[in-house]
Protein chains: 2
Amino acid sequence: MFAEYGVKGTTLQMIADRLEVTKAAVYYHFHTKDEIVRAVAQPLLEDIARVIRIADALPDPNSRREVAVSGFVELAVRHRGLSAIVQNDPAMSTLAKTHVELENAVVKLITLLDGPDADVAHHIGTSMIIGGVSGVVTDARLLDVPDELLHRVLLDYAQHLLNTPNLLSAVVKPSGSV
Amino acid sequence: MFAEYGVKGTTLQMIADRLEVTKAAVYYHFHTKDEIVRAVAQPLLEDIARVIRIADALPDPNSRREVAVSGFVELAVRHRGLSAIVQNDPAMSTLAKTHVELENAVVKLITLLDGPDADVAHHIGTSMIIGGVSGVVTDARLLDVPDELLHRVLLDYAQHLLNTPNLLSAVVKPSGSV
DNA sequence: GTCTATATAGGGATAGAC
DNA sequence: GTCTATCCCTATATAGAC
């Protein structure tokens, strides 16, 4: 429901109705709406933390990046709709301000995706991958595309974008600057 | 403000405060909040319509697709923050249900981006481009990247994604089915 | 064209019975 | 653990004076 209507657009009444209980019943389990948002987002955040842990354990910076990309695609597909919330919903940014661990996890993941010695060109590439993958994974038209197929295609795309740094550098840097 | 806080998260009070007038003054110019949203989105929608018109005038289907992609990148960069609203804000989907011309324009643009004889593979590619471009264009980290640079890099990326249909077909179709 | 004041509805959250 | 009932606040929107 958060993915479909947005966090703000999803009222406790709607949640209660969907569960066929009253608002008060919902409030027995969660004391605030924020708690519900965090509970919903938690599995994704845990997976992000897992990917970061795995990537960080690697000695080679470039391997770290590859693992991060692969891991990101994997968790985006696994959580489908959820990715868009964390990525796009303004309520999530608000939540990130008061919950540092959330903010840190996302920043860390982005840093890994940027790779070592990242310049503006890499930032754009990373942003393209994150936005593209999030977009695909939550596209209503692609709801019935099997996870496994989506995963393979996205991984291929992402790696494809990664493996063309020349393209980026050539465009970003003035000719002659190497 | 819609881009930063979401449509639902932006109250008329916030808008009035920003304009340094009262809520009632805002209501003199716009009778409903929806009207404001539509007024804000209109320049982008007009540009979408323009791109569709230009593309539709071309005889060759593949040229239509190229123009659509190029036009999409162009308008995404020109409107920056706005793209994300139209693309991601749930309030926009709600608005699209009651305003057919909006829905139609978006569907038409997506169809052009898909290209002729589009299969699932093309749909994923289109989705990746739309999501990726929208993501880049609204990335807070990239706010100070000049429009012109962003435009060139994104166009390069998008065309790059378009020109690798073999990659997609190879993954999607079982080997041997050509 | 902008203001003050207010109507009306809905949303988050709590109290207390069962 | 769930309910009814209610509080408080905020949001959209309107009325009517200036």
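Numbers restart at 1 for each chain; the letters A, B, ... are given by sequence-line order, proteins then strands.
Following rounding to the nearest Å, A:K8 (NZ) and D:dA11 (C1') show an atom-to-atom distance of 10 Å.
Between the side chain of B:D139 and the backbone N or O of A:S127 there is no donor-acceptor pair closer than 3.5 Å. In this structure, the side chain of A:T126 engages the main chain of A:H122 through a donor-acceptor pair within 3.5 Å.
Put simply, chain B comes within 4.0 Å of DNA chain C, heavy atom to any atom, from C:dG1 to C:dT4, going 5' to 3'.
Salt bridge status for B:D56 with B:K108: present, with a side-chain N to carboxylate O gap under 4.0 Å. Look at A:D147 and A:R80 and you find a salt bridge, because one of the NZ, NE, NH1 or NH2 atoms lies within 4.0 Å of a carboxylate O, short of that distance. Note on B:R50 versus B:E46: no salt bridge recorded, every NZ/NE/NH1/NH2 to OD/OE distance being 4.0 Å or above.
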Show which side-chain atoms of residues 97-105 of chain A pair as donor or acceptor with protein atoms under 3.5 Å away, not counting sequence neighbours.
unit_1: A:T98; atom_1: OG1; unit_2: A:L95; atom_2: O; d: 3.1
unit_1: A:H99; atom_1: ND1; unit_2: A:L95; atom_2: O; d: 3.3
unit_1: A:H99; atom_1: NE2; unit_2: A:R38; atom_2: NE; d: 3.4

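There is no side-chain donor-acceptor pair under 3.5 Å between B:E66 and B:N62.
Within residues 11-21 of chain A, the residues having any heavy atom closer than 4.0 Å to DNA chain D are, in order of number, A:V21.
Atoms CG and CE, on B:L82 and B:M92 in that order, are 7.5 Å from each other to the nearest 0.5 Å.
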